[in-house]
Amino acid sequence: MSQPINVPNSRGHFGPFGGKFVPETVMSALQELERVYAAARRDRRFRAQLRTLLTQYAGRPTPLYYAARLSKTLGSGIKVYLKREDLLHTGAHKINNTLGQGLLAVRMGKKRLIAETGAGQHGVATATTAALLGLDCEIFMGEEDMRRQALNVVRMRLLGARIHPVTTGTKTLKDATSEAIRDWVTTVRHSHYCIGSVVGPHPYPMLVRDFQSVIGQEARRQILAAEKRLPDFLVACVGGGSNAMGLFYPFRNDERVAFIGVEAGGFGLKPGHHAATLAKGQPGVLHGAFSMLLQDSFGQVCVTESISAGLDYPGVGPEHAYYQLIRRASYVTVQDKEALDAAAFLARTEGILPALEPAHAVAHLRRMPSKIKRGAVIILCLSGRGDKDVETIARHLS
Ligand SMILES: *Cc1c(COP(=O)(O)O)cnc(C)c1O
């Protein structure tokens, strides 16, 4: 890497990836969003308003915690810092993005937020933001996910959101996303579609990345204060890729800082057994963008499988596909069982019960010592807490 990374271009392209592949009726809404976002990011009042919500409501800045006992178990003088997004209001990094998009919706005069959700974390964050800003909220969620994440369904309803059960396809996140897009096509005039990760048509991958970049901006400041140097590795789990990109992005031109994204290996790397899009996918179009995608030889989107609903998605953000292409980041996979072990391991060594999504990153961390230099400094994004997964973890460990 020699030239500074500067993507997307004005048409939303990250190298060959990204763009806008949407029905005509949505085009003008995307253009409006681009225009309003461009003005908002230059507007001191908008930025101050978002900063106030992030600090006073969501609980930023989150600590960059030096995990001494965890580091000791790895040996070789390796130091691990955990970026504690799990301590945010609603329990995960999703709120960084929904607060930003909620304020944009208000700025556009839109009174209704719609969103898709898999694990329910993005649905809860969107419903929370809607309640806070006095907006209507409707959430699309696969029936299968509603069953797996019943507690989050109750939380969303308590927050005043209406849930639309999605019964098509595999009744999971990809189908919920298709349904949300279908709704948006007919309601764009008064509805804002609040996408939960760095996916979808331009400008969403850029906009969600920017809102999540607060993770990396803080981490950069915090590690320089703690270690007087930049880290050697950043490690984060990748579903759509927003917590990972939020951490990576502010370090993108620090050539010595290596990025590792960890995908869900499910119960093996055979088709249908995993959600390892970058490891096993092919280029293709899904949900409005050209990116890597799990598809069969006919171009049909594959069924995915992961113990963590938040990683159970056949697509990935176009910026990750680009980082993989130019080798700015590397992507690895971790299977369900390793993630479960890692969750229990982190709970016992540090008293922190992670969500199963970042438990994938913790599992990869445990493999790293044999491959890296002594005394390496690693920042791991702990994207969410494990409360939502306690039942799943308990069931599998018993
Ligand atoms: C949603 C979620 C993820 C996956 O989404 P990304 O966009 O890849 O970050 C990861 N961790 C947690 C805790 C989540 O809720």
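A quick note: this is a predicted structure, and the numbers were derived from the prediction, not measured. First listed ligand is number 1; within each ligand, the first listed atom is number 1.
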Using a 4.5 Å cut-off between side-chain heavy atoms of Ile, Leu, Val, Met, Phe, Trp and Tyr, which other residues end up in the same hydrophobic cluster as L380?
Y65, L70, L74, I78, V80, L82, F233, V235, I260, V262, V332, V334, F345, L346, I352, V362, L365, M368, I372, I378, L382
E227 side chain to Y81 side chain, donor-acceptor N/O pair below 3.5 angstrom:
yes
Check each N or O atom of ligand 1 against all protein N or O atoms and list the pairs under 3.5 Å, with atom names and distances to 0.1 Å, one per line.
{"from": "ligand 1", "atom 1": "7 (O)", "to": "S197", "atom 2": "OG", "distance (Å)": "2.6"}
{"from": "ligand 1", "atom 1": "7 (O)", "to": "G241", "atom 2": "N", "distance (Å)": "3.3"}
{"from": "ligand 1", "atom 1": "7 (O)", "to": "S242", "atom 2": "N", "distance (Å)": "2.7"}
{"from": "ligand 1", "atom 1": "7 (O)", "to": "S242", "atom 2": "OG", "distance (Å)": "2.7"}
{"from": "ligand 1", "atom 1": "8 (O)", "to": "G239", "atom 2": "N", "distance (Å)": "2.8"}
{"from": "ligand 1", "atom 1": "8 (O)", "to": "G240", "atom 2": "N", "distance (Å)": "3.2"}
{"from": "ligand 1", "atom 1": "8 (O)", "to": "G241", "atom 2": "N", "distance (Å)": "2.7"}
{"from": "ligand 1", "atom 1": "8 (O)", "to": "S242", "atom 2": "N", "distance (Å)": "3.4"}
{"from": "ligand 1", "atom 1": "9 (O)", "to": "H93", "atom 2": "NE2", "distance (Å)": "3.0"}
{"from": "ligand 1", "atom 1": "9 (O)", "to": "S242", "atom 2": "N", "distance (Å)": "3.4"}
{"from": "ligand 1", "atom 1": "9 (O)", "to": "S242", "atom 2": "OG", "distance (Å)": "3.2"}
{"from": "ligand 1", "atom 1": "9 (O)", "to": "N243", "atom 2": "N", "distance (Å)": "2.8"}
{"from": "ligand 1", "atom 1": "9 (O)", "to": "N243", "atom 2": "ND2", "distance (Å)": "2.8"}
{"from": "ligand 1", "atom 1": "11 (N)", "to": "S383", "atom 2": "OG", "distance (Å)": "2.7"}
{"from": "ligand 1", "atom 1": "15 (O)", "to": "K94", "atom 2": "NZ", "distance (Å)": "2.8"}

Partner set under salt bridge (charged side-chain N to carboxylate O under 4.0 Å, His left out) for K371, not counting sequence neighbours:
none
Does the ring of Y322 carry R328 above it, NZ/CZ under 6.0 angstrom from centre and within 45° of its axis?
no
Tell me which pairs pass salt bridge (charged side-chain N to carboxylate O under 4.0 Å, His left out) where either residue lies in residues 289-315, with sequence neighbours left out.
R148-D312
Can you name the one residue among P358, C381, S197 that meets side-chain contact (heavy atoms from CB on, under 4.5 Å) with N243?
C381
